[in-house]
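Notes follow once the structure below has been shown.
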Amino acid sequence: MAETAQLSVIGKPQPRIDGPLKVTGVAQYTSDFHFPGLLYAVPVEATIASGKITTLDTAVAEKMPGVRAIFHRQNIGKIFRSTLGPGFAGICIERRPPFEDDVVRYYGQYVALAVADTFETAKAAADVVVVTYSKEKPNVEQELKAEDDPDTVDTSYGPERRLQSERGNAAAAYASAPVKLDQTYVTPAETHNPIELQGATAMWDGDNLTIYEESQAIVNMRGVLAQMFGLPKENVRIITKFVGSGFGSKLWPWTHCPLAVAAARQLGKPVKLVLSRKMTFQSAGHRARTQQQVRVGATPEGKLVSLQHDYVYHRSMLDDYHENCGEATSFHYSVPNLRVHFGRARQNVGSPSDMRGPGAVPGLYATESAMNELADQLKMDPVRLRVLNEPKIDEGLGIPFSSRHYLECLELGAEKFGWSKRNPEVGAMKRDGLTLGWGMAGAAWIAARFAAAANVELRDDGTARVACATQDIGTGTYTILAQLTSEKTGVALEKVEVALGDTSLPEGPTSGGSMATGSVVPAVFAAADNAISSLLQIGTATPGSPFEKRKPAELAFEAGRVFVKTGGRGGGIPFADLLKRANVRLVTGSGKADATFGSDKKPKFSTHSFGCHFVEVTWEPEIARLRVNRVVTVIDAGRIINPLAGRNQIEGAVVMGVGMALLEETHYDPQNGAPINSNLADYVMAVNADTPLIDVHFLDYPDKEINELGARGIGEIGLAGIAAAITEATYHATGVRVRELPITIEKLI
């Protein structure tokens, strides 16, 4: 008799089913795949950030033994521009195909490509290509000046109104407010640094293209590359079995991928192109630098009467990436008069792109910092200030929240942290010779669904298989799909096979926006229900079956067994036995779920996740040493399917927040526009020694507007707000108010 899972696996801590593959080295990442005749490609990078190529001398490189070709604008072949399609499809941040013209717009832009039999030869050939330029001084200024844009601008994701949200008369209400705060907050450019470098291996079979790429959105990548090479999307296959993190840098295709594809097309052999760490700083995205002016008007009792959020972010010379810092501003707190507006500043940098918690993370740093400063100005507890301004509905959209438990987050966080013991006087709290600083901030993140499809198989050996063309970027998606399938079918978790990371499977969602989990739940459940329905049909149509004379509607399926509804479960049989009697190897069910994100339908509810962070820093003024010592985080993100992986996601986000607040900044050379600290020695990130004690709590209130389990995504909300909590704690300890990240020693002494 086949073993079946009798108890729910949803909401229980589950070790990752792909863990053993990773720790034993069996898991194959993109650059691990090798094929007969494989060639290696290395790009030639521009050494200026603004100007034009005048000559390109490839003669020496082309004569080197083992070199197959040096590609450039004259011989790469046609690569088309892709366009944004309906339903949030066809996203590509850098729309300009590589080598489209001779204009250089950022340092590190690819200007040629060396392809050879070995990586070492390709690198040597790329190094001897001689490029000369007519050079101009690049714009990589720290001070951002907004362009004179129209009221509505095109972005990578579609048109965007620069006046994002407005109600009442924010300027007039601010002018007459008894209490005013007007500050500007700055976040620097930050660069994603996943362990696994970006890369692609491309191969052609006639008009069919296969690409191994570490993508966070394989279905989107298929659509973009089909456009770029004039192919039906059915002729393009993307394979991404495992991703060594991405943080958003692997969401959308970068120019190295079409270069590998074009080279493979020209040479008729597989071509592998893996970026160096330096290249990832130049040509694979970063978080945009932002300047955010926040003006708040309030009553002496702490009620907000006006909120104005005006922000500017930098972008590249050609591309239209939008850093949506105002994403949470319109609904996070109750305020009758509000205005959110943005501007853009073109610079000679590679295009910014999504980085974990895009928009809302830098945006909430500014608005939550302003709330903390307002509380200090009012001599009010910052938790109480937030409670006083809790909205009853989403005031930006004028609709109710599907589920909002922000006040409970604040209450639980304060309790777990011991907030009631806080002495608000700067520098007053001491322990073990250290000065303590306590701070807090709130968090919010969008909750929605992408379109998704899946299929589920029930097999005659008692196992199951679930398949979906999504991908696991290290967040636990393999395990989530196994849990969902086990829950519906009763098959034990270890007997569920999960197939992901291949566009030949049913179209799955992007792993971005913390929406993958919420998107796959209804698709997998529908697929499992349809597989079960097929099974019941077989049970009534099979001669000799115990249910031969029954109708499918008279049968029930639970915990892997089929039984007659009126007869009780004791008379049922395992589904594997039923399939064997019917001489059917397996039954398959398919399921789909529509998208709520980007939908044209007017929403009935505002769907978001919420949370808060309480932070303790320690300060040693004698040696100017600041350390984040302790963090309590409470998250309201619907039902948590796997608390073990979920807690890990929040812990990782908090550590990333420590880096954002104290360490991370990409510096650009004002002379040549190069990212100066483009390596892991000079780009400083939080490591184990910087990691505080982290205490994570989930409220676990299901949100059935998202899916039937009530599960929302949780990856990015853990990073939202944490930097504001750290800067407030730093002020509490040191008396220094830092409004431009990161907090450096120079700013504290």
Side-chain angles (χ1 to χ4, degrees), residues 9-22 27-30 194 196 213-221 238-248 250-251 356 447-456 464-488 493-494 496-503 505-525 527-528 591 593 597 637-650 652-653 706-707 709 711-716 718:
V9 294
I10 301 297
K12 307 293 193 303
Q14 303 290 345
R16 300 187 190 196
I17 63 172
D18 53 318
L21 298 177
K22 291 180 175 179
Q28 285 186 288
Y29 293 81
T30 292
E196 181 196 22
E213 168 96 20
E214 67 309 285
S215 172
Q216 294 179 232
I218 60 174
V219 172
N220 178 81
M221 174 169 276
I238 312 294
I239 297 174
T240 300
K241 293 301 183 185
F242 297 96
V243 180
S245 297
F247 311 123
K250 299 171 183 174
L251 267 171
R356 196 177 196 179
R449 287 201 318 258
F450 293 122
N455 64 38
V456 169
R465 177 182 186 266
V466 57
C468 178
T470 187
Q471 51 286 306
D472 191 328
I473 63 171
T475 51
T477 305
Y478 274 107
T479 309
I480 290 292
L481 264 73
Q483 287 180 268
L484 296 175
T485 306
S486 176
E487 181 77 7
K488 271 288 184 177
L493 205 61
E494 64 273 14
V496 178
E497 176 191 346
V498 182
L500 301 179
D502 190 330
T503 52
L505 304 173
E507 292 193 6
T510 294
S511 296
S514 302
M515 296 184 207
T517 293
S519 303
V520 298
V521 169
V524 172
F525 275 9
F597 184 75
R639 190 173 186 190
I640 306 302
I641 295 177
N642 186 353
L644 182 62
R647 187 167 290 107
N648 177 249
Q649 282 291 289
I650 301 301
I706 299 297
N707 51 58
L709 277 183
R712 300 194 296 251
I714 57 174
E716 289 159 292

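Index from 1, following the sequence. No hydrogens, no waters, no symmetry mates; every other heavy atom, side chains included, goes into these values. Everything numeric here is computed off the predicted structure, so don't read it as measured data.
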Sorted by chain and number, sequence neighbours left out, side-chain hydrogen bond (donor to acceptor under 3.5 Å, both in side chains) with Glu213 holds for His256
Q. Are any non-hydrogen side-chain atoms of Ile714 and Ser514 less than 4.5 angstrom apart?
A. no
| task | Check whether any side-chain heavy atom of Leu500 lies under 4.5 Å from a side-chain heavy atom of Gln471, and answer yes or no. | result | no
**Prompt:** Got Phe247 and Gln216 here, is their nearest side-chain heavy-atom distance under 4.5 Å?
**Reply:** no
All heavy atoms of Glu196 vs all of Lys250, minimum pair found to be O-NZ, 2.7 Å
Is the side chain of Thr503 donor-acceptor paired with the backbone N or O of Ile218 at a distance under 3.5 Å, no angle test? no
Ile706 and Ala711 have their tightest heavy-atom pair at CG2-O, 3.4 Å
Is there a side-chain contact between Leu484 and Ile641 (heavy atoms, below 4.5 Å)? yes
Nearest heavy-atom approach of Thr479 to Pro15 is CG2-O, 3.8 Å
A side-chain contact here means heavy atoms from C-beta on lying under 4.5 Å apart; do Pro522 and Arg449 qualify? yes
**Asked** Does Gly474 offer a backbone N or O that forms a donor-acceptor pair with the side chain of Arg16 under 3.5 Å?
**Response** yes
#### Entry: Backbone N/O of Arg356 and side chain of Glu716: donor-acceptor pair under 3.5 Å
no
Subject >> Under 3.5 Å: donor-acceptor pair, side chain of Ser486, backbone of Ala482 >> reply: no
* To do: For the residue pair Phe597 and Phe450, categorise the inter-ring angle as parallel (less than 30°), tilted (30 to 60°) or perpendicular (more than 60°).
  => perpendicular
Can you confirm whether Phe525 sits close enough to Asn707 that some side-chain heavy atom of one is under 4.5 Å from a side-chain heavy atom of the other? no
Check: Gln28 and Lys241 side chains under 4.5 Å, non-hydrogen atoms
no
Is the shortest heavy-atom distance from the side chain of Thr510 to the side chain of Val219 under 4.5 Å?
no
dist Thr477:OG1 -> Ile17:CD1 (nearest 0.5 Å) comes out at 10.5 Å
Closest non-hydrogen atoms of Cys468 and Pro509, given as atom of the first, atom of the second and distance, are SG-CD, 4.0 Å
Looking only at heavy atoms, the pair that brings Ala454 and Ala527 closest together is O-CB, 3.5 Å
All heavy atoms of Ala593 vs all of Ala523, minimum pair found to be CB-N, 4.0 Å
Rounded to the nearest 0.5 Å, the OH atom of Tyr478 sits from the CD atom of Glu497 at a distance of 10.0 Å
